Amino acid sequence: MDPDQIDHDLKAVLISEDQIQAKIRELAAAVEKDYDGRDVLLVGVLKGAVMVMADFARALDRHVEMDWVAYSSYGSGTQSSGVVRILKDLDTDITGRDVLIVEDIIDTGLTLSWLVANLRSRGAASVEICTLLRKPEAVKMAVSVKYVGFDIPDEFVVGYGLDYGEKYRNLRCVGTLAPHVYSDAG
Ligand code: IMP
Ligand code: MG
């Protein structure tokens with residue numbers, strides 16, 4: 001087996017590249033309609049949302065600005081800790097701005113709930129969330145998520161920005177990992 005072929009590490013493809021791209025166009029169309037005539041600041045959550053942001057922003061047929069935040073919540077494992085540490089804050093003053101958070105996945109929503117409260121407290125005119133993927137646990141979230149690409153089962157997934165130990169972000173699809181990947185990792 002060629003260790004450079006990352007798709008050999010997948011157990012199953014959950015969402016194909018075509019399905020992702022079609023869904024992103026759908027989400028972009030909805031956002032264009034809802035934000036007609038308003039400035040939008042897209043806020044991407046590093047690093048997972050890089051791929052979604054790149055495709056989603058280009059699917060929008062209008063002006064947008066982009067900014068990024070980074071915080072740690074996961075480490076290299078597969079369980080959410082809910083502990084938030086800011087690694088990179090916004091460069092933009094969001095007072096009076098319509099902010100749309102762009103996310104790869106919402107699992108518990110712990111980190112995202114914290115981010116929404118944080119951005120609202122800085123005087124944003126509105127703060128909404130657009131996520132490509134959502135796990136079942138996220139329905140318990142206090143904040144509502146306006147734009148959801150796919151509701152997926154409660155499984156650990158990689159690809160299209162999502163990592164396992166910083167790998168697999170560059171896969172074009174979203175999939176589950178084969179058992180040998182976890183056992184090799186020890
Ligand atoms: P939450 O705070 O539990 O919603 O965790 C959100 C973050 O955990 C996401 O932005 C991802 O970075 C990471 N995460 C959650 N589920 C997965 C997964 O299945 N694969 C990879 N990363 C995940
Ligand atoms: Mg993320």
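In this chain, numbering begins with 1 at the start of the sequence shown. Note that the coordinates shown come from a computational prediction; the quantities given were computed from them, not determined experimentally.
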Working to the nearest 0.5 Å, report the span between [atom1] of [X] and [atom2] of [Y].
| X | Y | atom1 | atom2 | result |
| --- | --- | --- | --- | --- |
| Tyr147 | Arg134 | OH | CZ | 14.0 Å |
| Ser113 | Ile129 | OG | CD1 | 7.0 Å |
| Met51 | Leu171 | CE | CG | 9.5 Å |
| Ile24 | Met53 | CD1 | CE | 11.5 Å |
| Leu90 | Lys88 | CG | NZ | 6.5 Å |
| Leu27 | Arg25 | CG | CZ | 11.0 Å |

Does [X] reach the main-chain N or O of [Y] with its side chain, forming a donor-acceptor pair under 3.5 Å?
| X | Y | value |
| --- | --- | --- |
| Lys23 | Phe150 | no |
| Arg58 | Ala54 | yes |
| Gln19 | Ser16 | yes |
| Asp67 | Thr92 | yes |
| Lys146 | Cys130 | no |
| Glu32 | Asp61 | yes |

Do His63 and Asp39 have a side chain donor and acceptor closer than 3.5 Å?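 Short answer, no.
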Could you tell me if Asn170 and Tyr160 have a donor-acceptor pair between their side chains, going purely by distance under 3.5 Å?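 There is no such pair between these side chains.
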Checking side chain to side chain contact (heavy atoms under 4.5 Å, CB included) for the pair Ile101/Leu115: CA distance, chi angles, key distance, verdict? CA-CA 9 Å; Ile101 298 170; Leu115 180 67; 3.7 Å; yes
Pairwise side-chain contact, [X] with [Y], heavy-atom cut-off 4.5 Å (strictly under):
| X | Y | result |
| --- | --- | --- |
| Leu41 | Val43 | yes |
| Val99 | Glu128 | no |
| Val45 | Thr111 | no |
| Asp55 | Val52 | no |
| Val31 | Leu100 | yes |
| Val64 | Phe56 | no |
| Leu177 | Lys11 | no |
| Tyr164 | Val181 | yes |

Please say yes or no: joined through hydrophobic side-chain contacts below 4.5 Å, possibly via intermediate residues, are Ile6 and Tyr182 part of one cluster?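 Yes, Ile6 and Tyr182 fall within the same hydrophobic cluster.
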Verify the cluster assignment for Val116 and Val139: are they in a single hydrophobic cluster under the rule of side-chain heavy atoms below 4.5 Å apart?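 Val116 does not cluster with Val139.
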Could you tell me whether Arg97 and Glu65 have a side-chain N and a carboxylate O separated by less than 4.0 Å?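 Answer for the salt bridge query: yes.
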Is any NZ, NE, NH1 or NH2 atom of the basic residue among Asp36 and Lys33 found under 4.0 Å from an Asp or Glu carboxylate oxygen of the other?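 The answer is no: the pair does not qualify as a salt bridge.
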Can you sort out the partners of Trp114 under ring-ring contact (aromatic ring centres under 6.0 Å, His included), two or more places apart, ordered by chain and number?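 Residues passing ring-ring contact (aromatic ring centres under 6.0 Å, His included) with Trp114: Tyr71.
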Shortest non-hydrogen contact from [X] to [Y]?
| X | Y | answer |
| --- | --- | --- |
| Gly96 | Ala125 | O-CB, 3.4 Å |
| Thr108 | Glu137 | CA-CG, 3.9 Å |
| Trp68 | Leu46 | CE3-CD2, 3.4 Å |
| Leu42 | Ala57 | CD1-CB, 4.0 Å |
| Gly48 | Asp104 | CA-OD2, 3.0 Å |
| Leu133 | Thr131 | O-OG1, 2.9 Å |

Could you please spell out the steps behind the side chain to side chain contact (heavy atoms under 4.5 Å, CB included) verdict for Leu132 and Ile20? CA-CA 8 Å; Leu132 182 68; Ile20 292 171; 4.2 Å; yes
For a salt bridge (Lys or Arg N to Asp or Glu O under 4.0 Å) check, start with the C-alpha distance between Asp89 and Arg122, then their side-chain angles and the critical distance, and finish with the verdict. CA-CA 12 Å; Asp89 201 1; Arg122 299 192 210 181; 2.8 Å; yes
Evaluate the criterion salt bridge (Lys or Arg N to Asp or Glu O under 4.0 Å) for residue pair Glu155 and Lys135; output intermediate values, then yes/no. CA-CA 8 Å; Glu155 276 186 276; Lys135 288 188 183 177; over 6 Å; no
May I have the step-by-step check of side chain to side chain contact (heavy atoms under 4.5 Å, CB included) for Asp9 and His180, ending in yes or no? CA-CA 8 Å; Asp9 289 354; His180 78 256; 3.2 Å; yes
I need the full list of ring pair (Phe, Tyr, Trp, His ring centres under 6.0 Å) pairs touching residues 23-55, with sequence neighbours left out, sorted by first then second residue.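 Sorted result for residues 23-55: empty, none.
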Evaluate the criterion side chain to side chain contact (heavy atoms under 4.5 Å, CB included) for residue pair Leu162 and Ile105; output intermediate values, then yes/no. CA-CA 8 Å; Leu162 293 158; Ile105 191 166; 3.4 Å; yes
